[in-house]
Engineer: 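Can you keep this structure in mind? I'll have questions shortly.
Letters go in sequence order (proteins before strands), and every chain restarts at 1. As a basis for the values below, the full set of heavy atoms in this structure was taken, side chains included, without hydrogen atoms, waters or symmetry mates.
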Amino acid sequence: MPELPEVETMRRGILGAVGGRLVEVERLACPRKPINLAPRVDAFRRRTTGQDIAAIDRIGKRVVLRLGSGDAIVIEPRMTGLVLTCDPPDPLYLRLRFTVSGAKLREFWYWDRRGLGHVRLLTPAQQLAALGPTKLGPDALTVTAELLRERLGGSRRAIKVALLDQKAVLGIGNLYAAEILFVAGVHPAARCDQLSRPVWRRIADATLAVLEEAILYEGSTLSDGTYRNVLNQDGGYQNQHRVYDKAGEPCGHCGAPIRRIVQAQRATFYCPGCQRRK
DNA sequence: CCCCAGTCCTGCGGGC
DNA sequence: TGCCCGCAGGACTGGG
């Protein structure tokens, strides 16, 4: 499931298209169900064809192609979306083909097995409304202890649930929330309004450490094998996981069996020996 | 403010 | 062995 490190890996994988010109964005006849574009196919094609690719950014878990017109193509992979520059894992789920001229990278694809992802073309005004600071928090790679405490310190929510709130902090999903709290030594059910400054410091430090390390490893490929980098290779961070999807296995630090609980209808993994409530 | 359940969607694994 | 159900969860929505 693409979270910040996986999406950052996608972004870096297609940076070779920057400075080029979008020849075409073609919606492929995916036999399951062609991707829903916004706006619809004709307008999407008209407003993207021939546009310069000025930059490729990441906003949280989305890849953003900045076009010369000021419009932005926003790719939101959600659970199973992938950006690929080579043959796909399974051509059945290819949804879009991007063709580029005048740059090193000539072609890339959007692939999505389950089809929960979205690709949207947004005007500058729409970008501000949908992706601006009122909708989305600061990027997780920029967090500090003060910023986390400011945004979450008054909340009665459990810290693990709050870390998933994209209005609070941007880019953390279920997997990395678990890993971050393990590294910080914080119990996932600890209430935000009961955490001290030193604990916020540990959470901020762990957030940067875990996400930056995961980017170096090009993200996590889980046992279902869905996430791949743009070259259709496995990521490497799954081998560094401390708790995610390890229920019953001994903690690598203290040996206690890793626990699985459910918070806000999502699985949470943690070590009862290493992670305390305060 | 915050929580919860439902929605989208497909593949896989557990259980019978 | 084979089939079916439920689970996986990112983002969003509507109701409490």
Side-chain angles (χ1 to χ4, degrees), chain A residues 1-10 28 30-38 58-64 74-83 88-96 110-120 122 126-127 129-132 134-137 139-140 150-181 188-194 211 214 219-228 238 241 243-248 258 260-269:
Chain A
M1 57 201 118
E3 304 181 24
L4 189 152
E6 290 77 22
V7 176
E8 177 62 20
T9 303
M10 294 177 194
L28 301 171
C30 177
R32 301 284 167 160
K33 180 172 155 258
I35 191 170
N36 287 323
L37 288 178
R58 178 185 55 77
I59 298 182
K61 303 173 193 173
R62 299 158 166 107
V63 176
V64 179
V74 179
I75 301 172
E76 187 178 322
R78 299 221 181 167
M79 295 300 293
T80 54
L82 289 184
V83 173
D90 185 342
L92 191 60
Y93 307 111
L94 281 176
R95 310 279 176 160
L96 290 172
Y110 178 67
W111 179 98
D112 193 342
R113 173 152 58 72
R114 283 168 65 180
L116 298 179
H118 293 290
V119 176
R120 291 177 293 168
L122 302 183
Q126 289 171 325
Q127 292 167 45
L131 307 173
T134 56
K135 282 279 191 174
L136 302 175
D139 192 81
E150 227 168 77
R151 302 186 71 89
L152 296 174
S155 170
R156 300 163 57 88
R157 284 184 291 181
I159 179 62
K160 191 272 188 166
V161 176
L163 285 178
L164 299 181
D165 181 353
Q166 304 297 297
K167 287 191 289 298
V169 188
L170 201 48
I172 299 172
N174 206 44
L175 190 162
Y176 290 101
E179 295 297 317
I180 287 166
L181 289 176
R191 265 172 55 162
C192 289
D193 61 0
Q194 294 178 352
L211 295 179
S220 301
T221 297
L222 301 181
S223 53
D224 69 1
T226 294
Y227 169 74
R228 327 276 295 167
Q238 63 281 359
H241 290 176
V243 289
Y244 184 79
D245 209 17
K246 290 184 181 291
I258 302 299
R260 178 189 191 275
I261 57 173
V262 174
Q263 293 178 285
Q265 300 147 274
R266 301 212 179 119
T268 298
F269 300 91

Engineer: A/Asp90 has an atom CG; how far is it from atom C1' of B/dC9, in whole Å?
Structural biologist: 15 Å
Engineer: Walk along nucleotides 11-16 of chain C from 5' to 3' and tag each nucleotide B, S or - by protein heavy-atom contact under 4.0 Å, base first, then sugar-phosphate.
Structural biologist: BS----
Engineer: Rounded to whole Å, please give me the gap between CZ in A/Arg191 and P in B/dC1.
Structural biologist: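 It works out to 17 Å between those atoms.
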Engineer: Can you list the residues that meet the ring-ring contact (aromatic ring centres under 6.0 Å, His included) rule with A/His118, with sequence neighbours excluded?
Structural biologist: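 For A/His118, no residue satisfies ring-ring contact (aromatic ring centres under 6.0 Å, His included) once neighbours in sequence are set aside.
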Engineer: Could you verify whether a donor N or O on one side chain and an acceptor N or O on the other, from A/Thr80 and A/Tyr227, lie under 3.5 Å apart?
Structural biologist: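 Not at all, the side chains of A/Thr80 and A/Tyr227 share no donor-acceptor pair under 3.5 Å.
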Engineer: Between atom CD1 in A/Ile261 and atom C1' in C/dC7, what is the gap in whole Å?
Structural biologist: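 Value for this atom pair: 18 Å.
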Engineer: According to salt bridge (charged side-chain N to carboxylate O under 4.0 Å, His left out), who are the partners of A/Asp245, at least two apart in sequence or on a separate chain?
Structural biologist: none
Engineer: Just the rounded figure in Å: distance from P of C/dG10 to CZ of A/Arg113.
Structural biologist: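 After rounding, the reported distance stands at 15 Å.
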Engineer: Quick one: ring-ring contact (aromatic ring centres under 6.0 Å, His included) partners of A/Tyr110, sequence neighbours excluded?
Structural biologist: none
Engineer: Which nucleotide, C/dG10, C/dG9, B/dC4, lies nearest any side-chain atom of A/Glu3?
Structural biologist: C/dG10
Engineer: For A/Ser155, answer base if it contacts any base atom (sugar-phosphate contacts may also be present), sugar-phosphate if it contacts only those atoms, and nothing otherwise; contact means non-hydrogen atoms under 4.0 Å.
Structural biologist: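 Contact class for A/Ser155: sugar-phosphate only.
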Engineer: Using the side-chain heavy atoms of A/Arg157, tell me which of these nucleotides is nearest: B/dC4, B/dC3, B/dC9.
Structural biologist: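 When the side chain of A/Arg157 is considered, B/dC3 is the closest of B/dC4, B/dC3, B/dC9.
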Engineer: Just how far, in rounded Å, is C1' of B/dC3 from CD of A/Gln263?
Structural biologist: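 The distance from CD of A/Gln263 to C1' of B/dC3 comes to 13 Å, rounded to the nearest Å.
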Engineer: Give the rounded distance in Å between these two atoms: CZ of A/Arg114 and C1' of C/dG6.
Structural biologist: 12 Å
Engineer: So what does A/Tyr244 touch, heavy atoms closer than 4.0 Å: a base, only the sugar-phosphate, or nothing?
Structural biologist: sugar-phosphate
Engineer: Mind checking side-chain contact (heavy atoms from CB on, under 4.5 Å) for A/Ala189 and listing every partner two or more places apart, or none if nothing turns up?
Structural biologist: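 Counting only residues at least two positions away or on another chain, A/Ala189 forms a side-chain contact (heavy atoms from CB on, under 4.5 Å) with A/His187, A/Gln263, A/Arg277.
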Engineer: In chain order, what residues pass the side-chain contact (heavy atoms from CB on, under 4.5 Å) check against A/Arg151, with sequence neighbours excluded?
Structural biologist: A/Pro138, A/Leu147
Engineer: Rounded to the Å, how far apart are A/Ile75 CD1 and C/dG10 P?
Structural biologist: 19 Å
Engineer: Tell me whether A/Lys61 is salt-bridged to A/Glu3, with the criterion being a basic N under 4.0 Å from an acidic carboxylate O.
Structural biologist: no
Engineer: What's the CZ-C1' distance between A/Arg151 and B/dC1, to the nearest Å?
Structural biologist: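 Whole-Å distance recorded here is 15 Å.
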